[in-house]
Novice: 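Take a look at the following structure, please.
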Amino acid sequence: GALRNYAFYFNGNKQYISVPGVTVFDNTTNFSVSGWFKPTNFTENNRSWEYHWEPHLSGVEHWVAAGINTSGEMYFLINNGIPVSNSGTTTTPLIADTWTHITFTYDGTGVGDAGKMKIYINGVSDTLVFTGTIPSSTPTWGTSENFNIGTNYQVTQTDSFLGNISNMATWSSTLSQANITTIYNNGVPGDLTSLSPVNWWKLDSSATWTTSWSIPDDGSASNVGTSN
């Protein structure tokens with residue numbers, strides 16, 4: 001990734017940020033992820049973020065991830081060891097080359113798929129189309145890999161984000177509508193301190209360069225990211 005105007009630009013060709021030590025997704029029934037995204041286009045699948053567990057077995061996946069499909073629709077998936085992709089996809093497409101705030105929330109205790117998984121676009125919960133069945137908890141499996149921003153765990157070009165990402169954050173809870181309205185802040189990224197994020201990568205001028213970008217984590221976990 002490259003730092004541009006207080007956001008990181010990803011060129012769609014295996015540029016990504018890797019963050020070790022993230023634990024918010026491990027064996028849990030509640031988490032949330034928030035970020036600002038500006039996809040250049042929808043020619044290929046734009047993976048926004050992914051967290052994956054190893055070992056990988058043929059036809060069996062253990063991961064949580066989100067991205068934008070070639071129709072411009074945001075998807076959110078949780079695979080808990082079965083070959084079917086358990087996911088929700090928005091019915092409202094994003095607009096290319098436009099900043100959009102997205103919040104993903106998961107509550108494994110919720111009733112039905114719609115009670116477990118939600119995607120908010122600019123602070124508004126969107127109607128989702130579900131595939132498979134959203135599980136009641138995230139995987140307990142093997143060894144977790146790094147949290148990747150801007151690509152999948154395999155770092156493939158056809159699954160790499162093209163565009164800008166800013167202010168990625170995670171929580172070990174299911175954010176409320178009021179929380180999400182506060183984060184969206186009428187379309188202006190704001191200070192998330194009062195919401196106590198576990199991770200908060202601002203992807204702004206606080207990043208420092210040596211041989212790669214080092215992206216500080218202003219959340220409670222302090223998991224520093226590195227550009228690749």
Novice: Can you tell me how far the CZ atom of Phe8 sits from the CG atom of Asn164, to the nearest 0.5 Å?
Specialist: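 One finds 10.5 Å between CZ of Phe8 and CG of Asn164.
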Novice: Would Lys38 and Thr100 count as a side chain to side chain contact (heavy atoms under 4.5 Å, CB included) here? Give the steps.
Specialist: CA-CA 6 Å; Lys38 185 182 179 183; Thr100 304; over 6 Å; no
Novice: Taking atom types as modelled, find out whether Ser18 and Asn228 have a side-chain donor-acceptor pair closer than 3.5 angstrom.
Specialist: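 Side-chain D/A pair, Ser18 to Asn228: absent.
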Novice: Would you name the heavy atoms of Ala65 and Arg47 that are closest together and state the gap between them?
Specialist: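 The answer is CB-NE, 3.9 Å.
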Novice: Output the distance between atom NZ (Lys118) and atom CG (Asp113), rounded to the nearest 0.5 Å.
Specialist: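 Between atom NZ of Lys118 and atom CG of Asp113 there are 11.0 Å.
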Novice: So if you build clusters from Ile, Leu, Val, Met, Phe, Trp, Tyr with side-chain heavy-atom gaps below 4.5 Å, do Met117 and Val64 land together?
Specialist: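 Looking at the clustering, Val64 is in the same group as Met117.
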Novice: Kindly compute the distance separating CG (Asp126) from CD1 (Ile119), expressed to the nearest 0.5 Å.
Specialist: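 One finds 7.5 Å between CG of Asp126 and CD1 of Ile119.
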Novice: Report the distance from atom OG1 of Thr138 to atom NE2 of His62, rounding to the nearest 0.5 Å.
Specialist: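 Nearest 0.5 Å value for the OG1-NE2 distance: 11.0 Å.
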Novice: Is a side-chain N or O of Asp107 found less than 3.5 angstrom from the main chain of Thr109, in a donor-acceptor match?
Specialist: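 Yes, because the side chain of Asp107 sits within donor-acceptor range (under 3.5 Å) of the backbone of Thr109.
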Novice: Say you draw a straight line from CD1 of Ile121 to OG1 of Thr90; how long is it, rounded to the nearest 0.5 Å?
Specialist: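 Reported value, rounded in 0.5 Å steps: 4.5 Å.
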Novice: Show the nearest heavy-atom pair for residues Ser137 and Thr29, with the distance to one decimal.
Specialist: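 Nearest heavy atoms, Ser137 then Thr29: CB-CG2, 4.1 Å.
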Novice: May I ask whether Ile17 and Val22 are part of the same hydrophobic cluster, defined by side-chain heavy atoms of I, L, V, M, F, W, Y residues being less than 4.5 angstrom apart, directly or through others?
Specialist: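 Shared cluster, yes.
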Novice: Pick out which of Trp201, Phe37, Phe161, Phe25 makes a ring-ring contact (aromatic ring centres under 6.0 Å, His included) with Trp49.
Specialist: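 Going through the options one by one, the only one that passes is Phe25.
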Novice: Verify whether one side chain among Asp204 and Ser206 offers a donor that lies under 3.5 Å from an acceptor in the other.
Specialist: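 Yes, a side-chain donor-acceptor pair sits under 3.5 Å.
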Novice: So, Ser176 and Asn179: side-chain donor and acceptor under 3.5 Å apart, yes or no?
Specialist: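 The criterion, which ignores hydrogens and geometry beyond distance, is satisfied for Asn179 and Ser176.
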Novice: Within the distance-only criterion (no hydrogens, no angle test), does the side chain of Ser227 pair as donor or acceptor with the backbone N or O of Trp213 below 3.5 angstrom?
Specialist: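 Such a contact is found between Ser227 side chain and Trp213 backbone.
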Novice: Does the side chain of Phe147 come within less than 4.5 Å of Met168's, by heavy atoms?
Specialist: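 Of all side-chain heavy-atom pairs linking Phe147 with Met168, at least one is under 4.5 Å.
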Novice: Could you pull out the closest heavy-atom pair between Thr170 and Val24, with the gap in Å?
Specialist: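 Reported closest heavy-atom pair: OG1-CG1, 3.8 Å.
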Novice: Under 3.5 Å, side chain of Asn79 to main-chain N/O of Trp63, donor-acceptor pair present?
Specialist: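 Judged by distance alone, no pair lies under 3.5 Å.
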Novice: Test your reading of the model: is there a side-chain donor-acceptor pair from Thr103 to the backbone of Tyr120, 3.5 Å cut-off?
Specialist: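 Absent.
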Novice: For Val188 and Trp36, work out which heavy atoms get closest and say how close.
Specialist: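 Val188 and Trp36 have their closest heavy atoms at N-CH2, 3.9 Å.
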Novice: Working note: Phe31 + Ser172, criterion side chain to side chain contact (heavy atoms under 4.5 Å, CB included); need CA distance, chi angles, decisive distance, verdict.
Specialist: CA-CA 4 Å; Phe31 69 81; Ser172 57; 5.9 Å; no
Novice: Any side-chain heavy-atom pair from Asp26 and Tyr51 closer than 4.5 angstrom?
Specialist: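 Side-chain contact under 4.5 Å: yes.
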Novice: For side chain to side chain contact (heavy atoms under 4.5 Å, CB included), just list the numbers for Phe104 and Met74, CA-CA rounded to whole Å, side-chain angles, deciding distance to a tenth of an Å, and then say yes or no.
Specialist: CA-CA 10 Å; Phe104 310 87; Met74 182 67 72; 3.6 Å; yes
Novice: Which pair of non-hydrogen atoms, one from Ser32 and one from Thr105, has the smallest distance, and what is that distance?
Specialist: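 Minimum heavy-atom separation between Ser32 and Thr105: OG-CG2, 3.6 Å.
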Novice: Using atom types as modelled and distance alone, determine if a side-chain donor or acceptor of Thr226 lies under 3.5 Å from a backbone N or O of Ser214.
Specialist: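 Not at all, since once roles are kept as given, no pair shorter than 3.5 Å links the two residues.
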Novice: Measure the CG-OG distance between Asn167 and Ser34 for me, rounded to the nearest 0.5 Å.
Specialist: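 The distance works out to 8.0 Å.
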Novice: Look only at the side chain of Asn86 and the backbone of Ile78, and say whether a donor-acceptor pair between them is shorter than 3.5 Å.
Specialist: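 Yes; judged by distance alone, with no hydrogens or angles, the pair exists.
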Novice: Could you see if Leu203 belongs to whatever hydrophobic cluster contains Trp209? Use Ile, Leu, Val, Met, Phe, Trp, Tyr and a side-chain cutoff under 4.5 Å.
Specialist: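 The answer is yes; both residues are in one hydrophobic cluster.
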Novice: Could you tell me whether a side-chain N or O of Asp217 sits under 3.5 Å from a main-chain N or O of Ser222, the two making a donor and an acceptor?
Specialist: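 Checked: pair present.
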Novice: Backbone N or O of Ile180 within a donor-acceptor pair of the Thr182 side chain at under 3.5 Å?
Specialist: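 Checked: no pair found.
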Novice: Any link between Trp99 and Ile149 through a network of hydrophobic side chains (Ile, Leu, Val, Met, Phe, Trp, Tyr) touching at under 4.5 Å?
Specialist: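 No, it is not one cluster - the side chains of Trp99 and Ile149 are not joined through contacts under 4.5 Å.
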Novice: If hydrophobic clusters are built from ILVMFWY residues whose side chains come within less than 4.5 Å, do Phe42 and Ile165 share one?
Specialist: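 Cluster IDs for Phe42 and Ile165 match.
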Novice: Could you go through Leu175 and Ile183, starting from their C-alpha distance and side-chain angles, then the distance that decides it, and tell me whether this counts as side chain to side chain contact (heavy atoms under 4.5 Å, CB included)?
Specialist: CA-CA 10 Å; Leu175 293 174; Ile183 298 168; 3.6 Å; yes
Novice: Is the NZ or CZ atom of Lys202 positioned over Trp200's six-membered ring, under 6.0 angstrom from the centre and within 45° of the axis?
Specialist: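 Yes, a cation-pi geometry holds between Lys202 and Trp200.
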Novice: Give me the atom names and distance for the closest heavy-atom approach of Ile134 to Lys116.
Specialist: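 Where Ile134 meets Lys116 most closely, the heavy atoms are O-CD, 3.4 Å.
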Novice: Taking atom types as modelled, find out whether Thr151 and Ser160 have a side-chain donor-acceptor pair closer than 3.5 angstrom.
Specialist: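 Yes.
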